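What follows is a single structure, written as structure tokens, with notes after it.
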Number of protein chains: 2
Amino acid sequence: MLCFLIGLIVSLLGFFNNLAIENIAGTKFVITSDMMLARKYIAAFLVFASLNLGLTLFASLITALIAPEAAGSGIPEVKAYLNGVDAPAIFSLRTLFVKIVGSISAISASLNIGKAGPMVHTGACIAAIMGEGGSKKYGLTWKWLQVFKNDQDRRDLVTCGSAAGITAAFRAPVGGVLFALEEMASWWRSTLLWRAYFTTAVVAIILRALIDVCLRGKCGLFGKGGLIMYDVTSANISYHLRDVPPVLVLGVIGGILGSIYNFLLNKVLRLFNFINEKGIFYKIILACCISIFTSCLLFGLPWLASCRSCPSDTSEPCPTIGRSGNYKKFQCPPGHYNDLASLFFNTNDDAIKNLFSKDTDSEFHHLSMLIFFVTCFVLSIFSYGIVAPAGLFVPVIVTGAAYGRFVGMIIGSHSNLNQGLFAVLGSAALLGGSMRTTVSLCVIILELTNNLLLLPLIMLVLLISKTVADAFNGNIYDLIMKSKGFPYLETHAEPYMRQLTVCDVVTGPLQIFHGIEKVGNIVHVLKTTGHNGFPVVDEPPLSESPVLFGLILRAHLITLLKKKAFLRTPVPIGPDAFLQFSSNDFAKKGLGNGDKIEDIKLSNEEMEMFIDLHPFTNATPYTVVETMSLAKALILFREVGLRHLLVVPKVSGHIPVVGILTRHDFMPEHILNLNPSLTRGRWKRLRFRFPRLGRLIREL
Amino acid sequence: MLCFLIGLIVSLLGFFNNLAIENIAGTKFVITSDMMLARKYIAAFLVFASLNLGLTLFASLITALIAPEAAGSGIPEVKAYLNGVDAPAIFSLRTLFVKIVGSISAISASLNIGKAGPMVHTGACIAAIMGEGGSKKYGLTWKWLQVFKNDQDRRDLVTCGSAAGITAAFRAPVGGVLFALEEMASWWRSTLLWRAYFTTAVVAIILRALIDVCLRGKCGLFGKGGLIMYDVTSANISYHLRDVPPVLVLGVIGGILGSIYNFLLNKVLRLFNFINEKGIFYKIILACCISIFTSCLLFGLPWLASCRSCPSDTSEPCPTIGRSGNYKKFQCPPGHYNDLASLFFNTNDDAIKNLFSKDTDSEFHHLSMLIFFVTCFVLSIFSYGIVAPAGLFVPVIVTGAAYGRFVGMIIGSHSNLNQGLFAVLGSAALLGGSMRTTVSLCVIILELTNNLLLLPLIMLVLLISKTVADAFNGNIYDLIMKSKGFPYLETHAEPYMRQLTVCDVVTGPLQIFHGIEKVGNIVHVLKTTGHNGFPVVDEPPLSESPVLFGLILRAHLITLLKKKAFLRTPVPIGPDAFLQFSSNDFAKKGLGNGDKIEDIKLSNEEMEMFIDLHPFTNATPYTVVETMSLAKALILFREVGLRHLLVVPKVSGHIPVVGILTRHDFMPEHILNLNPSLTRGRWKRLRFRFPRLGRLIREL
């Protein structure tokens with residue numbers, strides 16, 4: 001039911017998104033083209049550049065001022081959330097609003113950014129907000145949704161939401177489910193697959209119905225450009241063994257380009273972060289610079305291309321005047337078109353459609369294609385880091401398509417495959433090289449191009465480019481996550497973790513509460529430490545020897561302090577302890593909505609009183625013995641999805657708990673800090689990579 | 001690398017399989033048809049029936065005598081294995097051989113069984129055997145494969161192998177990966193997805209190349225029938241909102257039929273099991289009866305249909321003489337064809353192709369279709385249980401296609417959709433109703449029919465039929481697994497498990513070893529119990545108080561006894577204990593290849609000696625505290641993939657371990673046996689289902 005609602009909202013939003021982008025960008029291009037027709041070239045440029053600048057300014061202003069969390073793709077944030085990292089405010093209503101509006105205006109501004117990432121974040125946001133039962137801040141809450149107020153259900157919903165996001169962006173329901181599974185989710189269950197599938201099915205069916213409405217021409221410019229669905233070719237394509245070597249080369253170079261892309265993007269992001277940290281003003285200046293730079297390139301570069309005469313046997317009008325289409329007139333005389341303008345002077349969706357189209361082998365000059373490829377590559381690297389919602393998927397597809405088509409042109413008649421097909425394979429290669437997912441990308445590309453016969457070739461290209469790129473660096477989203485500092489927990493344990501025991505990484509003085517604890521102590525500990533979980537130990541008056549009773553959470557302690565359920569004397573209370581609490585008090589709070597210890601005011605008298613923690617403690621926390629290897633503890637921590645793991649001593653002596661492990665204790669940086677001798681071992685692993693790299697270079 | 005080899009072998013086997021079936025079955029049909037042409041009807045029947053009987057007899061004889069494990073689909077066994085249940089000999093070379101040969105001959109015998117299940121088992125077998133480094137029994141071992149001798153790697157390989165199996169059966173690489181993920185695998189990691197994808201890509205590419213070779217007509221009858229790939233329609237199909245209600249109805253009825261199918265199949269299997277238990281002779285008689293019954297129906301029923309005159313505008317020869325094709329002559333005069341014979345008197349693949357084909361709305365009479373549907377439904381239920389390799393996928397597809405086409409005929413001109421499309425949707429509905437997977441089925445059907453535009457409709461049908469069928473009973477494979485008694489561990493905990501603690505289910509006297517134990521004791525305990533893991537406890541002479549040292553496995557104890565690494569006095573040995581062992585001694589043994597305690601002969605003197613178990617014990621087993629709820633322990637057990645879970649007391653008193661939990665302790669039957677009071681709670685769950693059932697019946 002909830003999945004249905006999520007699907008409904010996401011599909012409507014996705015449709016609205018596309019409609020808005022197509023119409024805003026379309027209007028912009030129509031105005032500019034009209035002025036070009038009247039030969040007012042300078043005025044056209046000024047209008048084009050200032051419209052772009054205005055839209056960019058708007059997008060970056062609302063992002064910087066209202067919700068800085070909405071900047072960028074959002075996929076790394078959602079992925080980190082699904083791994084268990086709660087970044088603040090990533091799923092608030094503010095973020096959702098900025099993400100939608102900002103994404104529309106930034107893409108309409110002809111920046112080389114995509115809509116897939118923002119759509120995923122939008123879908124995840126909607127799911128999370130609905131999972132929380134609406135936003136309490138804005139008074140929009142539903143009672144019946146409160147049942148989903150726990151970690152697991154909310155995480156499932158967010159997974160479904162992000163699957164719906166991909167589906168809405170690419171109209172690829174199966175691809176959406178797979179992407180959510182392969183790239184986003186850290187835990188997976190069979191029922192989750194079914195729910196995600198249900199959500200994307202709803203999105204697919206609704207989108208299909210809406211497009212039917214649009215095809216009757218009621219959606220302005222939308223009917224033409226539309227949700228991406230490039231019918232590459234419906235005829236039977238045939239390929240033989242001799243077409244395989246070019247495809248292999250395409251895959252290898254695609255993988256190398258992809259890893260270079262990741263490397264450069266990471267470097268540029270670091271540079272931009274450095275600028276962005278200086279303040280909001282600098283952020284916006286940066287965005288404006290990128291916008292002006294983009295406008296100059298888009299408007300300036302087509303002048304380099306020579307005019308080409310229109311083919312006589314085309315079904316489209318040539319040159320296309322005023323609307324989006326394959327043949328842009330730009331500065332050319334009648335009967336001629338400018339091939340670079342056909343690519344640059346269009347929305348990204350239309351550019352992809354042009355590049356993927358078959359039977360257009362002679363439409364583009366190979367120099368134009370090279371210019372387009374280099375420009376896209378550079379622009380997409382520089383555009384991502386600005387303070388506006390920006391995806392990575394579509395720019396990589398455009399760049400890859402240009403690359404593939406360029407390779408296709410060089411190979412020319414040596415291959416049976418037509419150049420549109422090479423463009424598809426080039427996109428696949430570059431995507432594989434930068435995103436590193438395989439099955440989901442394969443299905444997304446298939447659903448985009450609607451041609452199942454391509455399957456073996458696409459699989460081959462993806463496998464090769466992923467394998468090649470993996471030899472150099474990591475997945476683009478992981479790199480971004482790392483640079484953002486999210487403590488992402490990997491599934492596999494690093495080899496050196498096998499040699500360490502959990503004792504080696506437990507740090508800091510352990511804060512322990514007694515079964516019946518003084519209020520003052522609790523307040524003091526909560527104020528002076530940032531821990532979220534505390535072991536509770538029963539000592540001799542209550543038991544024979546010190547015994548670990550359980551684990552209590554900071555949030556629950558704060559609830560207890562707020563309710564002031566204090567005792568005057570340290571005696572245990574009975575089972576009626578819960579009478580003054582409702583189950584909602586202990587429910588998981590929304591992200592960033594928890595109470596703070598500083599907000600609770602207690603009198604000195606109250607500080608001297610006691611709380612019986614027993615009824616509120618998780619009496620059966622998961623524990624590991626202190627001699628267990630870190631790798632083994634990591635498996636438990638990761639697979640069961642824990643936040644706190646208690647370490648107990650081998651021989652129960654005077655102290656029943658040795659320490660507490662959290663996510664941060666498993667981070668490689670933390671471990672290597674504590675055990676500097678391991679750094680050499682780490683280098684050994686890196687050295688192992690260099691021969692592979694050397695071998696690859698020699699192969700080229 | 002290994003995945004590549006698996007892919008290679010599976011694809012070659014899959015190809016060979018298809019080739020053999022097509023040629024054997026094709027030759028049989030050609031011989032029979034030739035006799036029919038000469039009007040020798042009775043002789044034709046006798047030849048047909050005896051050929052079928054002979055093939056069935058061969059298949060059931062080799063299955064019953066050589067490898068009874070190869071009977072049936074194999075998917076439940078593989079699924080159970082991936083969940084952690086080691087059924088004996090399911091992956092032996094014998095089983096592999098019988099599975100391949102038996103499946104070929106049983107399918108060629110015109111029994112209504114499929115090849116997908118056996119292919120999955122074959123793929124899994126190959127993967128498992130390669131993972132074990134070959135079969136030791138037959139002297140085929142590879143040294144370098146030994147590194148994969150551990151549970152996790154082998155399980156990953158088996159998952160890849162089963163994905164390859166589906167791919168080889170349906171030429172559906174993405175569908176294969178998804179099926180392995182959704183239906184088979186119990187644990188899932190991102191890298192596993194990639195490996196499975198790699199394997200299926202290899203299969204898809206090799207199959208594609210082999211088919212290219214075959215299309216040049218060098219493979220006998222194979223070129224015609226071939227690996228299933230039904231190009232339903234390459235034209236753009238369009239459907240509107242008014243086509244949705246019939247599709248909904250199709251889905252609902254499909255779901256109901258699917259659950260009835262599961263119910264009946266389960267009942268028939270119980271009956272057959274009862275017969276099969278009586279001995280090999282009864283098994284074979286049963287298989288022969290089914291074969292004769294099938295032959296009678298296949299040969300007899302077409303006589304009921306009236307001859308139809310050939311359409312004038314067909315591209316195929318009509319009536320088809322001697323070969324497989326759409327228009328079978330059977331007993332009809334020249335220029336006429338028998339529509340029922342076109343379905344019955346063909347391999348299943350060709351029947352599906354006929355049913356799925358478009359522009360054949362008038363080819364079949366609706367009465368013929370009804371007869372075909374009912375016959376297939378009955379035959380597929382009765383054929384599965386015989387003692388021969390038999391899949392479920394293809395029969396369900398055929399039955400569903402007949403059902404869909406019948407519904408399409410009834411609706412007739414009220415819908416824009418053509419009847420071939422209805423057949424596809426009918427197959428989807430019945431598959432969804434019996435297999436209950438969604439994403440993978442959707443992709444498999446898409447890849448079979450090669451038409452992505454069907455996607456929204458297929459998604460809709462699958463969702464509805466799965467939802468409807470889930471209200472009645474479970475997934476067909478789960479039902480079969482249950483009736484075979486595999487202790488399959490579900491992901492989710494039953495509600496009543498929350499109210500139980502682990503203490504409530506721990507049973508039996510606990511067998512504990514001391515750190516330094518007498519040989520005689522070990523032998524006695526190993527001989528008298530069937531446990532596979534034993535806690536090791538250090539008692540006062542060695543430590544201050546009784547301390548849980550760890551967990552030792554039966555297999556390791558047997559290795560120790562075999563090597564006779566005994567001590568004369570109970571003193572600890574140092575780190576040189578490992579000197580007399582190679583790492584291979586403690587590697588995971590192949591299924592059923594472990595040594596038995598009965599095989600080890602020890603003298604009385606040796607019985608009085610001691611073993612220091614410390615160096616050979618897993619010193620950091622996972623433990624839970626005795627008050628932990630069973631549901632929480634189940635999550636740990638299931639997610640981390642344990643075989644033994646030690647239960648420790650809350651307060652460490654005189655005994656440091658309370659019990660040991662194994663897979664069987666988490667089985668609902670076991671728990672309900674121990675706690676009969678819960679049975680009422682279980683009924684409450686069932687009662688909850690009846691209103692839903694009632695509502696559904698009223699809706700019809």
Side-chain angles (χ1 to χ4, degrees), chain A residues 173-174 177-178 181-183 188-191 193-194 196-198 200-201 204-205 208-209 212 234-236 240-241 438-439 442-443 446-447 450-453 455-456 459-460 462-463 466 491-492 501 543-545 547 619-620 622-625 627-629 632 635-636 639-641 650-652, chain B residues 173-174 177-178 181-183 188-191 193-194 196-198 200-201 204-205 208-209 212 234-236 240-241 438-439 442-443 446-447 450-453 455-456 459-460 462-463 466 491-492 501 543-545 547 619-620 622-625 627-629 632 635-636 639-641 650-652:
Chain A
V174 179
V177 174
L178 284 176
L181 248 175
E182 191 175 0
E183 183 60 38
W188 167 86
R189 294 171 304 133
S190 212
T191 44
L193 195 62
W194 190 72
Y197 179 77
F198 179 74
T200 60
I205 291 164
R208 164 91 216 178
D212 266 359
S234 55
N236 273 346
H240 302 290
L241 271 182
T438 46
V439 195
C442 181
V443 175
L446 281 183
E447 288 183 300
N450 195 25
N451 192 329
L452 267 172
L453 294 175
L455 184 60
M459 287 185 110
L460 193 67
L462 278 175
L463 279 179
K466 181 189 152 76
T491 333
H492 61 275
T501 65
S543 65
E544 284 176 41
S545 60
V547 166
T620 55
Y622 289 104
T623 57
V624 292
V625 75
T627 50
M628 187 180 276
S629 87
K632 221 166 144 184
I635 292 171
L636 170 65
E639 296 294 328
V640 182
K650 183 87 191 174
V651 181
S652 57
Chain B
V174 180
V177 174
L178 285 176
L181 251 175
E182 191 175 0
E183 183 61 37
W188 167 86
R189 293 171 305 134
S190 211
T191 42
L193 194 63
W194 190 71
Y197 178 77
F198 179 75
T200 60
I205 292 165
R208 164 93 217 177
D212 266 0
S234 56
N236 274 347
H240 302 289
L241 272 182
T438 47
V439 195
C442 181
V443 175
L446 281 183
E447 288 184 296
N450 196 23
N451 193 330
L452 267 173
L453 294 174
L455 184 58
M459 287 185 109
L460 193 68
L462 277 175
L463 280 179
K466 181 191 153 74
T491 332
H492 61 275
T501 65
S543 65
E544 284 175 39
S545 60
V547 165
T620 55
Y622 289 105
T623 57
V624 293
V625 75
T627 51
M628 188 179 277
S629 87
K632 220 166 145 183
I635 291 172
L636 170 66
E639 295 294 328
V640 183
K650 183 87 188 172
V651 181
S652 57

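Sequence lines set the chain letters: A, B, ... in the order given, protein chains first and strands last, and positions in each chain run from 1. Bear in mind that the values here come from a model prediction, so they are computed numbers and not experimental data.
- The heavy-atom pair separating B:Ala201 from A:Leu463 by the smallest distance is CB-CD1, 3.5 Å.
- Because its NZ or CZ atom is both nearer than 6.0 Å to the ring centre of B:Tyr622 and within 45° of the ring axis, A:Lys632 counts as a cation-pi partner of that residue.
- Looking at every heavy atom in both residues, A:Glu447 comes nearest to A:Val174 through OE2-N, 3.3 Å.
- Heavy-atom pairs under 4.5 Å with chain A peak, among B:Thr501, B:Ile205, B:Val624, B:Leu462, at B:Ile205.
- Comparing A:Val177, A:Val625, A:Leu636, A:Thr627 by how many heavy-atom pairs each has under 4.5 Å with chain B, the most go to A:Leu636.
- Between chain B and the options A:Val443, A:Leu181, A:Leu446, heavy-atom pairs under 4.5 Å are most frequent for A:Leu181.
- Side-chain atoms of B:Ser629 and A:Thr620, non-hydrogen and from C-beta on, never get closer than 4.5 Å to each other.
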